[in-house]
Amino acid sequence: MSGKELSKSYDPKTVEEKWYAFWLAKGYFHADENASGASFSIVIPPPNVTGSLHVGHALNSTLQDILVRWMRMCGRNALWVPGTDHAGIATQNVVERQLAKEHIDRHALGRESFVEKVWEWKKEYGGRIIAQLKRLGASCDWERERFTMDAGLSRAVREVFVTLYEEGLIYRGERLINWCPRCHTALSDIEVEHEDEKGKLYHIAYPLSHDHNIRLTVATTRPETMLGDTAVAVHPLDPRYKTLIGKTVDLPLTTRKIPIIGDSVLVDLEFGTGAVKVTPAHDFNDYEAGLRQKPELPRIKILDEKAEVLSDIPDVLPDALKHLAGKHAKKARGMVVELLQEQGYLIKTEDHAHSIGKCYRCKSVVEPYLSPQWFVKTGPLAGPAIAAVGEGKVRFVPKGWENTYFDWMRNIKDWCISRQIWWGHRIPAWYCDDCGEITVSRTDAASCGKCGGKNVRQETDVLDTWFSSALWPFSTLGWPDKTKDLAVYYPTSVLVTSFDIIFFWVARMIMMGLHFMKEVPFRDVYIHALVRDAEGQKMSKSKGNVIDPLVMIDQYGTDAFRFTLTAFAAQGRDVKLAPERIEGYRNFANKIWNASRFVMMNLDEGFAPNSELVTKNSSLADRWILSRLNSVTKEVQAAFTEYRFNDAASTLYQFIWHEYCDWYLELSKPALYEEKGSPARAAAQTVLAHVLETVLRLLHPIMPFISEEIWQTLPEAVRNAECGMRNKKAGKACESIMVSRYPMPNEKAINPGIEQDMQMVMDLILSIRNIRGEMNIAPSMQITAIVKVETGEIGEHLEKCSSYVKTLARLSELRIGIAENKPKSAATGVIKGAEVYVPLEGILDLAQEHDRLQKEIAKISKDIDVFSKKLSNKNFVDKAPKEVVEKDTAKLEEFKAKREKLEQSLKMLG
RNA sequence: GGGCGCUUAGCUCAGCGGGAGAGCACUGCCUUCACACGGCAGGGGCCACUGGUUCAAUCCCAGUAGCGCCCACCA
């Protein structure tokens, strides 16, 4: 035995810790910007500092790690930049909740102290997810770890903000925006999640001012907002109402007279009553309608920033206001309806389903809210970003996601970037108390840029978290400085993410990258599946269906977990993960482990591969497995190149388990059991070790730990045979599989003829095994098999392989020949070119054999039916490609011959 | 309202114009000197439905039904 000894089963825990530390110590994760070779770079989608690793992160990170490890082994200058996002609202909420437990309110604490608290929190917990990524085996360049609020990244944020402001692409103005009354801040359009909810549609009568007997009925889902109504709109062509346009109604519960206006956009003739109340300060449609009027409709706010009714709404009757003031909108709704009913204005109430906007962070109902905010003018940025994808400078994989991107980008609205919270990049704008001017500056302003006055106050708002994320691909590489990193690693090679942040992040990175770097931020965008639980539900804490990756890792090992994710990463699909799935791949890891033990047990002390011997003395099995290995290598390379991760995984699984282990290991045993020094034995040893070593390297990107552990125990001569260029150049022995060279296929070794020959041997073995199984012959019983071959050539071929057949079918004797005849009492099998007899004198159960043959005949008859039908169709013979017809004809003949033989045997049974 | 996706073995899913596949689960046999986290041998499917294109359809097209997701201001 050579090399270190492996224990009987694979124990992931100690192995993982050991090798991760080793890789770190060796500095393998670190990319050298001065190194030669084409670069390959990825920036991680920065997880929120508040987060802990969930299965989605695990999938995302595993795929990135596979690509980086693979490319690194292919000799590329590979960089994976890690980091975290400060996650403005989310993090502020977490810290607020924590303080609430201590009965501390952030307002009592004050801005500065609160932000300090958040930094403290970040220091303590912000690294958690990074630590978890390490357990996953992520080969990130930790020396380049970034945080969106680092000094460097903050400088980039300011540079971008000021530049865009100077270019007129950032502006400030009072607009109707989405407001979360709980988080107390503005949100962008895409931060609002719409949910369908059962509500009511209230029909309310508004009396005409000039004749209270005529009443205009409006329908609304939000009656409380009537306090802010400043018009009633009808369709300008509506015969019922068009004469009323220009008249006024008396708004109930108030002293306000509001005009009846015509608006063909706002009013749908088919819906409701045909008349719509208009509340420009609390509804997006009404806001737009208000702007369309000349003069614009007044905007009357009725709710404050907590969505509670204001106490000083103009014109509202004091009695009503007294009741309503300070009440939350939802409560006020009921009260307003009650008041309207009392006073006879409520016509009817009906059920009505409509969608309602909720805050994506806290799920509170979002209110349209009129307030001064900062915006990015997106139109000029979107144009080039659309073109870049259209021209293929950025490629979505799968391609279908391009449409999602285009649809959104073509209808893009200005981006509200200000947030009324404290945690984040404070907007670099200063208001002058003397002249009212705004100064926007790269450095903190001490005086007004216009009048020079010293009474300047910095804007209290911070920027949307996604503003800094949008810069991530270049800010992490040192921008705005002109760094070597940028020159070498920008644009990045691929962005790996899931579809839910195409708008939030991908689109904005493309816009910012093009604008500031004049170059796309990444070539490919690989969109992977969304992870759901076994029931297909989106995993969430509230549903209690979260699968904790770390629990899975503890239970089954990182490699098994990674392999599971990879195998399930089929494109365009959701991943439904159940813990039992991982168990199967844990078993796979163990299988590899034990196969490796077997190989090592069969290598002699001081073993060295001898490729010359292999060319001279290799067996059919040797050449077969080498052919298969190279096909597999080719397929895995292709799969990774095309982001078909699951194909790579299943190809390797299939090959290792069902070809290398199930067949080759068994086939190699006869040679291995020959005496020391036998050329066949040495050849088998060499092939056995070579295939194992190669397969470990193929597997390494997916299963980094077990591949390294086994690889390190291989004899040095085996490892050095395929060591990486990088080490060879440095004159160093290969120290790790991580820096060894990724296998390339040797096309010359791929040999279909060999595979056919091998197939025949396998068929023979399968046939005998089938007889054994179906006839209930104990595995311990050694039996004889007789093979009557059709040609001498086949006989010779099988004769050469007889030791395989004897071992794998557990035979005491194998007779092969043209002249062989069926013994009196024997079970029969048929393979291509030969008949197989297993003499069972005194054992043969005629009934059982009868059943078995009939089953075989039935099976083959089905095939014959299919092919006969096909081939008797003239059109098929005439129009189908020749090869197909020829192939099928040959098959049919083969099947027919087989059936005939089986039927003969059946007859002879009597 | 618009768009996208899905429907294949009991379960989870691959496949994709020419004889229906994998893993898990199931049945039988086997503690054989790599592995019982194992081996060998099996059972199981009108590939949702209806039409169309084609010599040939699970695969392409149209429609139907069911499920899921995304986008949208219909009061």
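In the text below, chain A, chain B and the rest are named by the order of the sequence lines, each starting its count at 1. Everything numeric here is computed off the predicted structure, so don't read it as measured data.
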Legend entry - Worked check of side chain to side chain contact (heavy atoms under 4.5 Å, CB included) between A/M775 and A/E849: CA-CA 7 Å; A/M775 300 302 288; A/E849 170 69 355; 3.6 Å; yes

Legend entry - Geometric cation-pi criterion, A/K870 with A/F867: 6.0 Å, 45°: yes

Legend entry - Separation of B/A34 C1' from A/R597 CZ (nearest whole Å): 6 Å

Legend entry - Nucleotide nearest A/C661 (side chain, heavy atoms from C-beta), chosen from B/C35, B/A34, B/G18: B/A34

Legend entry - A/W401 and A/F396: CA distance, side-chain angles, deciding distance, ring pair (Phe, Tyr, Trp, His ring centres under 6.0 Å) verdict: CA-CA 6 Å; A/W401 292 110; A/F396 277 81; 8.5 Å; no

Inset, instruction - Of all the heavy-atom pairs spanning A/A589 and A/I706, show the shortest one and how long it is. - result: O-CD1, 3.3 Å

Inset, instruction - Between B/G43, B/C55, B/G38, spot the one nearest the side chain of A/K879, thanks. - result: B/C55

Inset, instruction - Please work out if A/L665 contacts a base, only the sugar-phosphate, or nothing of the nucleic acid, heavy-atom cut-off 4.0 Å. - result: base

Inset, instruction - Between B/G39, B/C69, B/C35, spot the one nearest the side chain of A/D662, thanks. - result: B/G39

Inset, instruction - Have a look at A/G199 and say if it touches a base, only the backbone sugar-phosphate, or nothing, with a 4.0 Å heavy-atom cut-off. - result: nothing

Legend entry - Comparing A/N602 and A/W663 on RNA chain B - which has the more 5′ nearest nucleotide: A/N602

Legend entry - Proximity to the side chain of A/S9 - top-ranked nucleotide from B/A34, B/U32, B/C37: B/C37

Inset, instruction - Select base, sugar-phosphate, or nothing to describe what A/F867 touches, counting heavy atoms under 4.0 Å on all strands. - result: base

Legend entry - A/P881, nearest nucleotide to its side chain (from B/G18, B/C74, B/C24): B/G18

Inset, instruction - Using a heavy-atom cut-off of under 4.0 Å over every strand shown, decide if A/E193 touches base, sugar-phosphate, or nothing. - result: nothing

Inset, instruction - State which of B/G18, B/A34, B/A75 makes the closest approach to the side chain of A/K591. - result: B/A34

Inset, instruction - Check whether any side-chain nitrogen or oxygen of A/H354 sits under 4.0 Å from OP1 or OP2 of B/C74, and answer yes or no. - result: no

Inset, instruction - Mind checking A/N873 for me? I need base, sugar-phosphate or nothing, with any heavy atom below 4.0 Å counting as a touch. - result: sugar-phosphate

Inset, instruction - Nearest whole angstrom, please: distance from the P of B/C30 to the CE of A/M781. - result: 12 Å

Legend entry - Candidates B/G19, B/A41, B/U32 - which lies nearest the side chain of A/R810: B/U32

Inset, instruction - Could you tell me whether A/E774 contacts a base, only the sugar-phosphate backbone, or nothing, with contacts defined as non-hydrogen atoms closer than 4.0 Å? - result: sugar-phosphate

Inset, instruction - Report yes or no: do A/K277 and A/T279 form a side-chain donor-acceptor pair below 3.5 Å? - result: yes

Legend entry - Rounded distance (Å) that lies between atom P of B/A56 and atom NZ of A/K887: 19 Å

Legend entry - C1' gap between B/C30 and B/G66, integer Å: 46 Å

Inset, instruction - Indicate, with a heavy-atom threshold strictly under 4.0 Å, whether A/F503 touches base, sugar-phosphate, or nothing. - result: sugar-phosphate

Inset, instruction - Consider the side chain of A/R586, meaning its heavy atoms from C-beta on, and name the nucleotide among B/G38, B/G23, B/C37 that approaches it most closely. - result: B/C37

Legend entry - Electrostatic pair A/R586:A/E580 at N-O distance under 4.0 angstrom: no

Inset, instruction - With heavy atoms under 4.0 Å as the rule, sort A/L766 into base, sugar-phosphate or nothing. - result: sugar-phosphate

Inset, instruction - Look at all strands and tell whether A/D863 reaches a base, only sugar-phosphate, or nothing, counting heavy atoms closer than 4.0 Å. - result: base

Inset, instruction - Identify whether any heavy atom of A/V267 sits under 4.0 Å from a base atom; if not, whether one sits that close to sugar-phosphate; answer base, sugar-phosphate or nothing. - result: base

Inset, instruction - Looking at every strand, decide which applies to A/H658 at a 4.0 Å heavy-atom threshold: base, sugar-phosphate, or nothing. - result: sugar-phosphate

Legend entry - Nearest-Å distance once atom C1' is located in both B/U58 and B/G17: 10 Å

Inset, instruction - Go through the side-chain N and O atoms of A/D559 and A/Y585 and say whether any donor and acceptor fall under 3.5 Å apart. - result: no

Inset, instruction - May I ask you to say what A/K891 touches in the nucleic acid, namely base, sugar-phosphate or nothing, with a heavy-atom cut-off under 4.0 Å? - result: base

Legend entry - Closest to side chain of A/V276, choosing from B/A34, B/A75, B/G19: B/A75

Legend entry - A/W657 side-chain proximity, nearest of B/A75, B/A34, B/G39: B/G39

